[in-house]
A.B. asks: 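Take this structure, written in structure tokens, and hold onto it; I'll ask about it next.
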Amino acid sequence: MAYAYLFKYIIIGDTGVGKSCLLLQFTDKRFQPVHDLTIGVEFGARMITIDGKQIKLQIWDTAGQESFRSITRSYYRGAAGALLVYDITRRDTFNHLTTWLEDARQHSNSNMVIMLIGNKSDLESRREVKKEEGEAFAREHGLIFMETSAKTASNVEEAFINTAKEIYEKIQEGVFDINNEANGIKIGPQHPTTNSTLSSSQGSHQAGGGCC
Amino acid sequence: MLHCPRIAGGGCFLGGSLKFENHCYDALITSFYLCHPLIFRACLSVRYMYHVLTKNTTVTDHNRNLLVETIRSITEILIWGDQNDSSVFDFFLEKNMFAFFLNILRQKSGRYVCVQLLQTLNILFENISHETSLYYLLSNNHVNSIIVHKFDFSDEEIMAYYISFLKTLSLKLNNHTVHFFYNEHTNDFALYTEAIKFFNHPESMVRIAVRTITLNVYKGELDNQHMLHYIRDKTAVPYFSNLVWFIGSHVIELDKCVQTDEEHKNRGKLSDLVAEHLDHLHYLNDILIINCEFLNDVLTDHLLNRLFLPLYVYSLVSPETSEERKINPQVSLYLLSQVFLIIHYQPLVNALADVIFNGDLSVFTPPTDASAGGVRRFVKPPESLERSLELSRHRGRKRTQKRPNYKNLGEEEDEERAGTARGGGSSKGSRASGETAEEIEMVVMEKCKVSELTEQNITDEEKTAAATRTHTQRSRPFLDMVYSALDCADDDYHALFVLCLLYAVSHSKGINCDLLERLQLPVPDQERSSYSLVLVERLIRVMNQAAQPDGKVRLATLELSCLLLKQSVLSGSHCIIKDVHLACLEVRFPGEEIFLDMFEDEYRSMTNKPLNVEYLMMDASILLLPCGDVEKTRRAIRVFFMLRSLSLQLQGEPETQLPLTRPEDLIKTDDVLDLNNSDLIACMVVSKDGGQAQRFLAVDVYQMSLVEPETKRLGWGVVKFAGLLQDMQVSGVEDDSRALNIVIHKPSSNPHAKPLPILQANFIFADHIRCIIAKQRLAKGRIQARRMKMQRIAALLDLPVQPSATEVLGFGQTANASPSGLPFRFYEQSRRAPNDPTANRSVFASVDKVPGFAVAHCVSQHSPSPLSSPSPPSSGSGSTGRCDSVTASTISAQTGPFSFSLLPSIDDGTFLEHTPPSSSGGESEGGGAGVTVVSSTPSTPVSAPALAPSLTPASQPTISLLTDSSADALSVESLTLLPPADSPHLHPCTGHVGVAPSLQRRLSVPVCTRQKTLSTGGGRETSWSRRWPDSREAQSTFGSLCARGGAACFLARMRQDAQPAKFFTHPD
């Protein structure tokens, strides 16, 4: 499918914070969480529309590969956006953010857009990290912030799409060198004509017909 | 359907199929109601899915969506079954459902179905948690059939899903599951062999996934001897030889990129190539540290003999004109540093280091007997990886169908060439991509051909002598090259890389200490009693060159020199440096006035962010030819700090003057102060969020504080807030003449964050008069605070203190005081509990990849940083503040010289004996003896005849950290040294007349102090370079801007100029 740009994302954060669930929730809505079934996936792609342009998001989860230094550093470098996820019900996952962020800044290209995500916002009763704390952390380190729930899909769309918007703005400002694919941005095979009728920010392009 | 809305939600797996075959479904619905248990539901639905699959064995446009949805639902049911009831799996297995999947795949059903199927498999394997469920899925070899299925890999989405699928599978590898993937009898290991075929895929994420898969395989196979043999015998050589060639080709491209660079246009590409090289090294290291001896032998052999030695090391000495030289020596030094920093595998790095430090020219004589043990050369593997894998596997079998993928392009050619190569000739010619396939041939050196020094129990003196002797007598072309590249007379381009290399080698865990000790290379944290004179003197020479006013030595070079020097001469807690060498180090600061913020900022970032050599070597920009500007003041400040810290450490003295602002000296919240003699102004503080409080405003030397009366003691107050005056902005409030708006920012050097205000409030006073008084007091206090610090700096640097600064609040008596005499704080009598967490700074204080350019570049994008924003945007006193800062910054922009006194030896005999002939030219050496008599120079400015009259230096006291008192340093009988204007080499000296009896009595001559003032802005100099503005341009720019009242713009501009990328570039 033709796209104007392809943005590569990575998702980082401690294990168990719901990274792969967020990813699946975003890329394939048909997997509604049922029977307390937590389903995740480590790779996904989806088309969205920003400013009338088709933009393909390709999201790579780095879970399970932390033991290899070469792998994490390469992942960081190849991405235009990163979702840094913690679990609002687990204080330690919030405390580890600085380490993650330091890693990300060190290995990524300097323009990478990082979004901070406090996941599992549906579990309000077990909350250990206040929303204000997340906001403060984000402000202090120049990140965008959002609380999401992969389970109820709350804010999941917004998290991915807002990150894309920020990247898109940076492209417009000329900050990103889009001819350099190592930045995690690829120009589409052809520049599509502005297709205003397609508002596919609402559905997975592979979602096909007849689902949900 | 409508009568059971909850079912669709509760049993979502059914949801999709509902729409298609309602007639079948109705019966099921009934069952659901009757038999509520989920298990039963799941079983039923899986049955239903099966039904759909059997009815739709052929994929058509009509049933495509149905099939996709069915596959998806099956996944969901299976995952549910894994977590709840395995009977679902029985059914799945019994009906051989994977066969349906394969059948669908093989119909060329198009990418839509393929992608869905691959994603489904991904989800399935990722979410299965029980081993037994996994075994179910893996049995019958269907997964392997899917792995070898010829997908359309030219489709990037299919490629991505496919490789993710393989990655997911590789994460499931363990002792048990491996048997499902590796077939001992047929020698098949599709997961691995299919994956490595994409090792050089153009898409980086795919390459990363391939690396992950291989690492997972290597890690998981340790116990499986059969598989180990298979991997080593059938795949290791093809894979590693191709990998090594791939890396080498990148290196050649990298070199080309450096050589063809103009105006740093290649920077983006270069940094990719450098990062790519690092990725490769980290990957190789990750393989090596899995520590699978079997593999490591093969890998080490390939790396050493087909990459590092022939391509990297050989390039160090091969003549420039030689066709065999593939890359330039500086690139080679840079890459070798990276190798040593990252890879620590002993057999590999030790052998490599041994060649560099002990190898000799005999390795370059043409091979007489090529069969004697393999030829070391960098050469393209005769076959492509895919082909050699096929050959080893399908030997005797019919060739399999080709995959339609990007690699097919030009494959025929490759095969032909491979054929001829096997036919007996060496492969020649070049590929379309421009990679040369010429060969570098070298004779094999015996692996450990080390010059075995016979001495076993030699004294250190002997060792030293031996080191010197062998250095001069034995031919060690590589080592010679390394040492001679330390010369910074023209620039420090090579020197920086050599320093990195030496640092990396000396810190490598994989290198034998014997090797280092034999050469007296500094081994960190080791007791020693001698050090390499050759090295130390070269290091000191680098430092001296760095301290030249127009020094070409970059900060990183200087810092590394300091590091290596410390490593060399600090043995445990004591310092073994010879006096004669210590004497060569002197620290002095050039300018008269320093921009305060920069001074503190630089100190902060230096102490917060010590040099990380590994990060330094990740920065591609150091490969580009140095050109352009460094912000000179920052550089000068940093040079001062580094040398001061080095000098103090070598003498074992603690730092007592820095940092200027010590947290423990500041007033803090909840301190109780005696305010009996202080002027207090009552006010109402209205914070931004609406909170109100009645407070008294007090202005201290460095801080303003808001206090509340202490209830128990009259005239005492409790501090409710305290903030640094230097970080404060005061402005009026538009419609209230009694109010002031006050913002104090937190001093922070985090360039990613906007300045964080610690106070942002309106202060409402009793009346207009009190408001004006408060405003003036704050503004004066601000100027005063900044001046006070400037004085402390001046005292620290031993510069003349400006008395004017002290008049404001009556601190006149401190004008001539020593730095310690200046008050840290005003309220002497008040004290509070010393519970200072001084080290609680953010880890992101500076994200500079390299130190030195600080944070200035971000400032232009946001508002001015609090540290540097000099202007309270108010009228009257505010403008005074602005002028204050600008003045300081501008003056400091034109940095004067650093002077290093190059001391003659006191201990003539030893010095002479230990000074080896220097290798670099241009020194005033008296031939082989290496003796120069340096005439004792009178200690007057006249000693610098080369200087223009306008630059005639003013006589200034010198901070000599060696002296006990400054009075001594000024002693006339002291001897001086070489004028800094002279070539800054370390001169071996002897036979001085009137050598001072003690090192304490010395004086260096300050030279070349530019005495320009702001007024010279009009009569500006014309000969500055337009492309790379230096301080002089800054100065003249300032002049013109000032004329237009654009001082603030100028400041912003100065900061803008300090781009991070330019840190590694040279001044001028």
Side-chain angles (χ1 to χ4, degrees), chain A residues 1 6 8 20 24 27-28 30-45 56 58 60-65 67-71 73-75 77-79 98-99 101-102 105-107 109-110 139-143 177 179-184 186 206 208-212, chain B residues 9-13 15-16 19-20 38 64-66 68-69 72 76 79-80 83-84 112 115-116 119 122-123 126-127 157 160-161 164 167-168 171 204-205 207-208 211-212 215 219 268-269 272 275-276 278-286 615 618 750 752-754 756 842-844 847 849:
Chain A
M1 199 180 254
L6 184 147
K8 287 179 225 167
S20 56
L24 185 62
T27 55
D28 197 339
R30 294 167 300 169
F31 286 88
Q32 295 291 343
V34 281
H35 311 314
D36 285 327
L37 208 57
T38 42
I39 304 184
V41 71
E42 287 181 5
F43 172 78
K56 185 167 187 170
Q58 222 184 47
W60 301 77
D61 183 359
T62 61
Q65 294 144 53
S67 54
F68 301 118
R69 195 176 166 197
S70 60
I71 303 304
R73 55 159 280 131
S74 310
Y75 267 121
R77 209 164 47 78
T98 46
T99 323
L101 195 54
E102 200 176 9
R105 298 264 201 232
Q106 188 57 49
H107 296 299
N109 71 71
S110 54
R139 201 168 43 240
E140 195 180 335
H141 297 105
L143 316 173
D177 178 11
N179 294 313
N180 185 350
E181 285 187 15
N183 281 339
K186 214 164 149 180
Q206 56 194 258
C211 65
C212 296
Chain B
C12 186
F13 1 93
K19 292 155 192 158
F20 301 102
L38 290 167
R64 181 174 300 160
N65 287 331
L66 170 63
V68 163
E69 184 52 30
R72 198 196 64 77
E76 224 167 22
I79 295 167
W80 182 87
Q83 294 172 10
N84 296 282
Y112 175 57
V115 163
Q116 183 61 51
Q119 199 210 11
N122 252 334
I123 294 174
E126 216 163 279
N127 293 282
E157 192 150 329
Y161 276 105
S164 298
K167 195 182 79 183
T168 306
L171 286 164
S204 69
M205 288 298 188
R207 291 200 302 273
I208 299 167
R211 290 184 209 146
T212 314
L215 287 168
K219 205 171 84 173
K269 191 183 172 203
D272 285 342
E276 192 71 33
L278 285 168
D279 277 358
H280 284 133
L281 292 181
H282 279 290
Y283 173 54
L284 295 169
N285 189 51
D286 277 342
Y615 291 171
M618 281 164 62
N750 177 6
H752 289 285
K754 289 174 183 159
L756 205 64
S842 161
V843 285
F844 306 109
V847 297
K849 305 236 160 145

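In what follows, chains carry the letters A, B, and so on, assigned in the order in which the sequence lines appear, proteins first and then strands, with residues in each chain numbered from 1.
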A.B. asks: Among all residues two or more places apart in sequence or in another chain, which pass the ring pair (Phe, Tyr, Trp, His ring centres under 6.0 Å) test with A/F43?
C.D. replies: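 Result, ring pair (Phe, Tyr, Trp, His ring centres under 6.0 Å) vs A/F43: A/W60, B/Y161.
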A.B. asks: Is there a side-chain contact between A/Y75 and B/M205 (heavy atoms, below 4.5 Å)?
C.D. replies: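 Sidechains of B/M205 and A/Y75: in contact.
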A.B. asks: Given that the side chain runs from C-beta out, which part of B/L215 has a heavy atom under 4.5 Å from chain A: side chain, backbone, both or neither?
C.D. replies: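 Answer is both: backbone and side chain atoms of B/L215 are under 4.5 Å from chain A.
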A.B. asks: From A/S70 OG over to B/L284 CG, what is the distance, rounded to the nearest 0.5 angstrom?
C.D. replies: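 Between atom OG of A/S70 and atom CG of B/L284 there are 8.5 Å.
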A.B. asks: When you compare the side chain of A/R77 with that of B/E276, does any pair of heavy atoms fall below 4.5 Å?
C.D. replies: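 Heavy-atom side-chain distance check passes, below 4.5 Å.
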A.B. asks: Do B/Q119 and A/L24 come within less than 4.5 Å of each other through their side chains, counting heavy atoms only?
C.D. replies: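 In contact.
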A.B. asks: Rounded to the nearest 0.5 Å, how far apart are CD1 of A/I71 and OG1 of B/T212?
C.D. replies: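 Answer for the CD1-OG1 pair, A/I71 versus B/T212, is 3.5 Å.
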A.B. asks: Where is the tightest heavy-atom contact between A/G78 and B/S204, given as atom of each residue plus distance?
C.D. replies: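 A/G78 and B/S204 have their closest heavy atoms at CA-OG, 4.5 Å.
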A.B. asks: Nearest 0.5 Å, please: how far is CG in A/L6 from CD in B/E157?
C.D. replies: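 Those atoms lie 9.0 Å apart.
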A.B. asks: Where on B/S164 is there a heavy atom nearer than 4.5 Å to chain A: the side chain, the backbone, both, or neither?
C.D. replies: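 Just its side chain gets close to chain A.
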A.B. asks: Any heavy-atom pair between the side chains of A/D28 and B/R72 that's under 4.5 Å?
C.D. replies: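 A side-chain contact under 4.5 Å exists here.
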A.B. asks: Heavy-atom distance under 4.5 Å to chain B: side chain of A/N183, backbone, both or neither?
C.D. replies: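 For A/N183, neither part sits under 4.5 Å from chain B.
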A.B. asks: Between B/I123, B/L281, B/N122, which has the largest tally of heavy atom pairs under 4.5 Å with chain A?
C.D. replies: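 Maximum pair count with chain A is reached by B/I123.
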A.B. asks: Can you sort out the partners of A/S74 under side-chain contact (heavy atoms from CB on, under 4.5 Å), two or more places apart, ordered by chain and number?
C.D. replies: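 With neighbours one apart ignored, the set is B/I208, B/R211, B/D279.
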A.B. asks: Examine distances only and state if a side-chain atom of A/R73 and a backbone atom of B/A275 form a donor-acceptor pair shorter than 3.5 Å.
C.D. replies: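 Yes; judged by distance alone, with no hydrogens or angles, the pair exists.
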A.B. asks: Would you please test A/F68 and B/K219 for side chain to side chain contact (heavy atoms under 4.5 Å, CB included) and show each step?
C.D. replies: CA-CA 11 Å; A/F68 301 118; B/K219 205 171 84 173; 3.8 Å; yes
A.B. asks: Are the side chain of B/E126 and the backbone of A/E42 linked by a donor-acceptor contact shorter than 3.5 Å?
C.D. replies: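 Yes; at least one donor-acceptor contact below 3.5 Å.
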